[in-house]
Amino acid sequence: EIRYEVDESLWNKTLKINELIILVVGFIGCVYGRTFIQKLFFLIENELFKDMDLNYIKYHYGPYSTELRDAVEALKRKELIKDVCIIMDGHVGHCYELTEKGKHKFTSLDTKTSRVASKLNSFCDRYKEYKPSELLRLVYSKYPLWTVNSVRVNN
């Protein structure tokens with residue numbers, strides 16, 4: 001198992017959550033689903049950068065942050081990311097991608113925050129091939145206390 005050193009000072013002084021979302025979406029290319037982005041950021045906050053103040057709660061599918069949801073919606077309104085509807089495993093889902101405007105922002109962030117970007121890119125590489133259900137299972141297995149309000153029977 002790969003362990004990442006949590007670097008609190010790196011997070012606190014460098015990026016805002018909306019910039020972190022742009023980097024994650026840029027590194028992954030297409031973030032599959034609302035549940036996926038919620039769980040990925042939960043892992044980022046717990047395993048890479050502490051104290052992101054996403055205020056996760058124990059919700060229907062494990063950890064959930066309204067702050068993250070609102071930040072994603074704000075980036076959509078600013079036309080930095082787009083939410084593309086897709087069919088995945090027979091279900092309608094969402095794929096978050098950078099717009100052209102978002103790609104320009106990503107490039108400027110990647111160069112300005114190269115130390116953060118390098119750690120984040122490595123972290124995202126580990127999970128970008130996961131299906132949403134696989135990432136959900138991973139979070140459930142690593143953080144079982146966060147599943148107490150889950151609607152999934154087979155955590």
Side-chain angles (χ1 to χ4, degrees), residues 1-12 14-78 80-99 102 106 109 116-155:
E1 179 177 315
I2 298 172
R3 292 236 179 243
Y4 293 89
E5 182 179 325
V6 174
D7 189 340
E8 294 178 32
S9 63
L10 187 64
W11 161 253
N12 289 332
T14 309
L15 291 172
K16 297 175 184 170
I17 191 63
N18 61 339
E19 295 170 327
L20 191 61
I21 294 167
I22 290 169
L23 284 173
V24 167
V25 174
F27 290 139
I28 293 179
C30 182
V31 176
Y32 291 106
R34 296 173 182 158
T35 300
F36 189 95
I37 202 165
Q38 286 283 338
K39 301 322 164 238
L40 183 62
F41 271 84
F42 179 79
L43 291 172
I44 290 169
E45 183 167 19
N46 282 278
E47 298 178 8
L48 191 61
F49 304 127
K50 291 285 187 185
D51 301 323
M52 291 179 9
D53 294 325
L54 289 175
N55 301 312
Y56 277 91
I57 61 170
K58 297 169 183 168
Y59 204 56
H60 299 308
Y61 293 96
Y64 180 82
S65 167
T66 55
E67 286 82 356
L68 178 61
R69 180 205 60 208
D70 293 347
V72 168
E73 290 302 314
L75 290 171
K76 286 169 42 181
R77 285 191 302 277
K78 292 177 183 177
L80 292 165
I81 63 173
K82 59 186 172 183
D83 182 353
V84 179
C85 283
I86 58 166
I87 304 293
M88 184 179 208
D89 295 333
H91 297 77
V92 175
H94 298 267
C95 175
Y96 298 109
E97 297 177 334
L98 294 178
T99 62
F106 171 78
L109 285 174
V116 173
S118 175
K119 284 187 172 199
L120 189 59
N121 190 16
S122 172
F123 192 86
C124 289
D125 272 348
R126 183 171 180 205
Y127 297 110
K128 71 182 182 181
E129 299 300 324
Y130 276 57
K131 290 182 179 180
S133 59
E134 293 170 331
L135 192 62
L136 185 62
R137 272 194 303 275
L138 175 76
V139 169
Y140 275 33
S141 67
K142 288 179 89 170
Y143 300 94
L145 293 176
W146 283 90
T147 67
V148 295
N149 294 332
S150 177
V151 296
R152 285 186 56 135
V153 176
N154 54 349
N155 298 350

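All residue numbers refer to positions in the sequence shown, counting from 1.
- At a threshold of 4.5 Å between non-hydrogen side-chain atoms, the residues Ile17 and Phe41 count as touching.
- Between the side chain of Glu45 and the backbone N or O of Met52, at least one donor-acceptor pair lies under 3.5 Å.
- Here the CG-CG distance, from Leu20 to Leu109, works out to 9.5 Å after rounding to the nearest 0.5 Å.
- Phe27 contributes atom CZ, which lies 8.0 Å from atom OG of Ser118 (distance to the nearest 0.5 angstrom).
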For this session: Show your working on side-chain contact (heavy atoms from CB on, under 4.5 Å) between Val24 and Leu120 and close with a plain yes or no.
Result: CA-CA 7 Å; Val24 167; Leu120 189 59; 3.9 Å; yes

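- Not less than 6.0 angstrom separates the ring centroid of Tyr32 from the ring centroid of Tyr96.
- Residues Lys142 and Glu47 are in side-chain contact: their nearest non-hydrogen atoms beyond the backbone lie under 4.5 Å apart.
- Counting all heavy atoms, side chain and backbone alike, Ala71 lies closest to Ile21 at CB-CD1, 3.6 Å.
- A salt bridge between Glu73 and Lys76 is present, with a side-chain N of the basic residue lying under 4.0 Å from a carboxylate O of the acidic one.
- At a cut-off of 3.5 Å, with distance as the only test, a side-chain donor of Ser150 or Tyr140 sits close to an acceptor on the other residue.
- In this structure a side-chain-to-backbone donor-acceptor pair under 3.5 Å is missing from Glu97 to Val31.
- Checked by atom type and distance alone, the side chain of Thr147 pairs as donor or acceptor with a backbone atom of Pro144 at under 3.5 Å.
- Considering only heavy atoms from C-beta on, Arg69 comes within 4.5 Å of Gln38 through its side chain.
- The distance from atom CG of Leu138 to atom OG of Ser133, rounded to the nearest 0.5 Å, is 11.5 Å.
- Annotation: side chain of Phe49 is in contact with side chain of Val116 (closest heavy-atom distance under 4.5 Å).
- Here the closest non-hydrogen pair linking Leu54 and Ser65 is O-OG, 2.5 Å.
- Residue Leu40 comes nearest to Leu135 through the heavy atom pair N-CD2, 3.7 Å, listed as atom of the first residue, atom of the second, then distance.
- Counting only heavy atoms from C-beta outward, the side chains of Val72 and Asp83 never approach each other to under 4.5 Å.
- Ile44 places a side-chain heavy atom less than 4.5 Å from the side chain of Phe123.
- Shortest non-hydrogen contact noted between Leu23 and Phe106 is O-CE1, 3.6 Å.
- In this structure, the separation between CD1 on Ile28 and CG on Asn121 is 9.5 Å, given to the nearest 0.5 Å.
- Between atom OH of residue Tyr143 and atom NZ of residue Lys39 there is a gap of 13.0 Å, rounded to the nearest 0.5 Å.
- Taking the side chain as every heavy atom from C-beta outward, Phe36 and Tyr130 approach each other to under 4.5 Å.
- If you look at Phe42 and Tyr56, their ring centroids are closer than 6.0 Å.
- The CG atom of Asn18 lies 8.0 Å from the CG atom of Leu80; values are rounded to the nearest 0.5 Å.
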